[in-house]
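Reading through the structure tokens given below for one structure.
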Amino acid sequence: MEKNRNYFIAIGLSVVIVLAWQFLYMNPRIEQQRRAEEARQAQQATQQTTTTTTNAAPGTAAPTGTLPGATGQQAATVSREESLTKSQRVQIDTNAIQGSISLTGARLDDIRLKDYHETVDDSSPLITLFSPSDTHDGYFTELGYIAGEATTGSAPGPSTVWTAPEGAKLTETTPVALTYTNDVGVVFTRTISIDDHYMITVTDKIDNPGQTPVSFSTYGRITRNNKPTTPAVFVIHEGFLGVAGTDAGLTEDTYKNIEEKAVTLPKAMGGWLGITDKYWAAAIVPPQNVAVETRYSHFTDGQPRYQADYRSDAMTVAPGQSIELKNMVFAGAKEVPLVDRYETQYNIPKFDRLIDWGWFYFITKPMFKLMDFFFRYFGNFGVAILLTTIVVKLLFFPLASKQYASMANMKRMQPKMAELKAKHGDDRMAMQQATMALYKEEKINPVAGCWPMLLQIPVFFALYKVIYVTIEMRHAPFFGWIHDLSAPDPTSLFNLFGLLPYDVPHFLMIGVWPIIMGITMFMQMRMNPTPPDPTQAMIFTWMPLIFTFMLASFPAGLVIYWAWNNTLSISQQAVIMKRHGAKIELFDNIRALFKRKPVETK
């Protein structure tokens, strides 16, 4: 009795700890991040993209033999609108992007995504990806040069003012040519083109009309002032990533790791580097025929900032000769078909890993392909989730059949197991020997029900990851009140799902779908007999409730998937157990849960 009492105390404390962690830590943290994001969106809503005037951006001293970012950048002090008026600009206007290029440094520091809004309301501000360096959310890409010799003259860098043709405008059909001539007459011509989505091609030509050789190293950098405002989640990588070399694997580093120590990758030819958020990314594809050294770093002098950059060895341009280099810059949404197309079209090694498919890449990506097929056919991503789950269940039906058959056989053996327990009492050794003999006699493998379940775990985790990380889920509606499958269910039990005219605290946002999920989980657990052990019985009773509270803050798409998967599992288990002659004890177990136990009398 004392042992059972301790078990109950341990279970009770565990429940309290889980609920306290959810209510006192996770929910306030999520609420704080939500308020910060709303404040940022409100600030952006008041800012408009403008152009004109001619001042160099502050804090952009040209590198002298070192990579950019090694010298301090002025702290962010101005609004985005004000910063955009400080330099001459070339407008960008395509089907997917609007923004501008600063002629100071030829920086890509003003990009908004036309197809994506801050909220599900199409009148809300567009997603802003890039902003000038002297703003709070500064985020930009820059390509330039570092002079190799004194006779080479100046090299185009952060403070270089390029020249553009009057009225130049970058569109899908009209590239823009920028020019700069340094102090020894070397001519740099930069041609910038863009496709119908998010890939920008930067082709540089260096002409040396002089009488002596000149040498330059190239660099490229992606710099941002701040980390994402959303809480980090273990299921997805946000931060630095890239592939250093055509035969290399993907490298990933978090903001936290880089804050502690910069990372320099081995010099290699081919590959790419970048910074990724959950749905958006910026990446540079350096010239694939030039060996470059990649670095991920964090600077705290002046404006704190994170930077992914590369630098090449010096390249010599002979007198009267020229060389041509091509960089590509990806800046936009991580749409799966688009990223795959870029990998194939431009032969960029492992560029599809820009999307975090995880360890089970070979399962996760085909799972998305199936889900995307259903989405394109039915036009509803929620329906695609339901149908994909059905297909997965059908594929694993033989394994599940073995699992539930084993459970059915174990149920049939319960009366004999009870006889053995009554016969051997507390003699554990004798009980174990008799049990194994019974298993052998009845040709039952008690472990047979575990292997199918273990084999299915990677598949269901892959499905979970697809739902969580792909941008196709973002702002995708389902039916009824679910207008965004990537956001939590907006209803709450505690105001009767909107019938009562008041808002409830964030930690009490227990919506319809989390409740449905909890009910289906409860029913699935009640398909099996209640364990005789009080500790296990307590876990059976409380686990659905705990999961209901924990998953209430998860994206609705994940909760719908979980509820639907539970429902299919219940149906599947009922069919298989009935086929094997085992009694379906769902309703008996539910009735027993609420049945009053007789009072023992001495």
Side-chain angles (χ1 to χ4, degrees), residues 96 113 115-116 127 197-199 230 233-239 241 243 249-250 252 272 274 276-281 283 330 332-346 348-397 455-479 482 484-487 551 554-565 568:
L113 310 181
D115 294 332
Y116 297 96
I127 288 293
H197 283 89
Y198 310 118
M199 187 63 81
T230 53
V233 181
F234 81 96
V235 78
I236 187 171
H237 171 72
E238 292 186 284
L241 80 172
V243 174
L250 179 73
E252 296 178 329
W272 55 276
T276 183
D277 293 343
K278 180 177 181 179
Y279 294 128
W280 332 108
F330 175 90
K334 299 191 294 183
E335 301 170 9
V336 179
L338 186 64
V339 172
D340 287 348
R341 190 188 89 189
Y342 287 147
E343 179 183 29
T344 303
Q345 180 179 352
Y346 300 112
I348 308 172
K350 299 181 179 66
F351 195 63
D352 65 328
R353 301 301 179 89
L354 190 65
I355 299 167
D356 184 12
W357 296 112
W359 293 345
F360 301 112
Y361 168 89
F362 58 95
I363 302 175
T364 312
K365 193 169 182 180
M367 191 81 70
F368 170 81
K369 297 287 188 181
L370 177 63
M371 194 177 298
D372 189 55
F373 167 78
F374 286 129
F375 168 69
R376 294 181 186 281
Y377 191 83
F378 292 97
N380 187 297
F381 215 94
V383 173
I385 292 172
L386 303 183
L387 294 175
T388 301
T389 309
I390 292 175
V391 172
V392 172
K393 281 289 185 183
L394 291 175
L395 291 175
F396 278 93
F397 184 82
L455 291 174
Q456 293 178 64
I457 288 175
V459 176
F460 287 109
F461 180 77
L463 184 57
Y464 171 92
K465 191 173 181 70
V466 166
I467 294 171
Y468 195 88
V469 307
T470 53
I471 193 172
E472 285 76 5
M473 176 72 68
R474 183 182 184 269
H475 293 176
F478 186 45
F479 296 114
I482 302 297
D484 182 2
L485 287 167
S486 68
L551 293 181
F554 275 46
L558 291 174
V559 181
I560 291 171
Y561 151 69
W562 210 311
W564 179 239
N565 183 63
L568 293 177

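As a basis for the values below, the full set of heavy atoms in this structure was taken, side chains included, without hydrogen atoms, waters or symmetry mates.
For the residue pair H197 and Y342, the shortest heavy atom distance occurs at CB-OH, 3.5 Å. Pairing each heavy atom of I363 with each of A462, the nearest pair is CG2-CB, 3.7 Å. Pairing each heavy atom of V559 with each of L551, the nearest pair is CG2-O, 3.4 Å. Here the shortest heavy-atom pairing between I390 and W564 reads CD1-CZ2, 3.6 Å. Residue F330 comes nearest to M199 through the heavy atom pair N-SD, 4.0 Å, listed as atom of the first residue, atom of the second, then distance. Among all heavy-atom pairs drawn from T470 and V336, the shortest one is CG2-CG2, 4.3 Å.
Taking 4.5 Å as the limit, some side-chain heavy atom of R474 sits within range of a side-chain heavy atom of I127. Residues M473 and I385 have side chains in contact (heavy-atom distance under 4.5 Å, counting atoms from C-beta outward). Side-chain contact between V243 and F351 is absent, with no heavy atoms from C-beta onward closer than 4.5 Å. Residues N565 and K393 have side chains in contact (heavy-atom distance under 4.5 Å, counting atoms from C-beta outward). Within the 4.5 Å cutoff, no side-chain heavy atoms of T276 are placed close to those of E252.
Screening D356, D352, I355 against Y361 for a side chain to side chain contact (heavy atoms under 4.5 Å, CB included) leaves a single residue, D352. When F368, Y561, F375, F373 are each tested for a ring pair (Phe, Tyr, Trp, His ring centres under 6.0 Å) with F381, only one passes: F375.
Checked by atom type and distance alone, the side chain of D484 pairs as donor or acceptor with a backbone atom of S486 at under 3.5 Å.
Partners of K369 by side chain to side chain donor-acceptor pair (under 3.5 Å), not counting sequence neighbours, listed by chain and number: D340. Looking at residues two or more places apart in sequence or on another chain, you find a side chain to side chain donor-acceptor pair (under 3.5 Å) between Q345 and R341.
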Side chain to side chain contact (heavy atoms under 4.5 Å, CB included) between M367 and V392, intermediate numbers included: CA-CA 9 Å; M367 191 81 70; V392 172; 3.7 Å; yes

Intermediate values then yes/no, side chain to side chain contact (heavy atoms under 4.5 Å, CB included), F360 and K465: CA-CA 10 Å; F360 301 112; K465 191 173 181 70; over 6 Å; no

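Taken from NZ in K278 to CD1 in I236, the straight-line distance is 6.0 Å, to the nearest 0.5 Å. The NE2 atom of H237 sits 10.0 Å away from atom CG of D277, with the distance rounded to the nearest 0.5 Å.
Residues in residues 374-392 take part in these side-chain hydrogen bond (donor to acceptor under 3.5 Å, both in side chains) pairs, two or more places apart or across chains: D372-R376.
Aromatic ring centres of W280 and Y116 lie closer together than 6.0 Å.
In this structure, K334 forms no cation-pi arrangement with Y198, as its terminal cationic atom is not both closer than 6.0 Å to the ring centre and no more than 45° off the ring axis.
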